[in-house]
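The chain is numbered in sequence order, starting from 1.
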Amino acid sequence: MVATLPGPDGSATPVDAVRTHTEQALTEPEGDDDQDDTRPATDAGAALRKAVDRRARQLADDLKRDRLTRSELNHVLAEAFTDTEDPTVYRALVRWMKANKR
């Protein structure tokens with residue numbers, strides 16, 4: 001993580017620089033995505049994070065964007081989930097949870 005941090009250039013506060021570069025290092029793909037998929041996940045949480053990252057990259061591609069951070073994805077999902085004018089996401093989640101016995 002430290003190797004990805006910028007040198008002091010005065011363009012951002014140290015906290016902002018660390019936050020930005022940490023987020024980029026954690027959300028941007030490293031190398032070939034297919035190669036990442038072959039490594040076994042050490043636990044269910046790691047497998048879920050990998051699946052979320054892969055799906056977020058697919059969503060960013062579909063939207064013709066460079067990337068979509070997890071925090072942005074969570075925010076958009078929360079907005080869609082709580083939208084009372086269009087309960088599509090809420091209903092889809094209810095169906096998914098029932099189908100998967102959650």
Would you give me the side-chain donor-acceptor pairs under 3.5 Å for residues 91-102, sequence neighbours excluded?
from	atom 1	to	atom 2	distance (Å)
N100	ND2	W96	O	2.8

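Applying the side chain to side chain donor-acceptor pair (under 3.5 Å) criterion to D66, with sequence neighbours excluded, gives no partner residue. In this structure, the side chain to side chain donor-acceptor pair (under 3.5 Å) partners of R65, at least two apart in sequence or on a different chain, are E72. Every residue was checked against the side chain to side chain donor-acceptor pair (under 3.5 Å) condition with T84, not counting sequence neighbours, and none meets it. Partners of N74 by side-chain contact (heavy atoms from CB on, under 4.5 Å), not counting sequence neighbours: none found.
The heavy-atom pair separating A60 from L68 by the smallest distance is CB-N, 4.0 Å.
Between the CD atom in E79 and the CG atom in L77 there is a gap of 9.5 Å [rounded to 0.5 Å].
Screening residues 46-80 for ring pair (Phe, Tyr, Trp, His ring centres under 6.0 Å), with sequence neighbours left out, gives no hits.
Linking ILVMFWY residues whenever their side-chain heavy atoms come closer than 4.5 Å, directly or via other members, places L48 and L73 in the same cluster.
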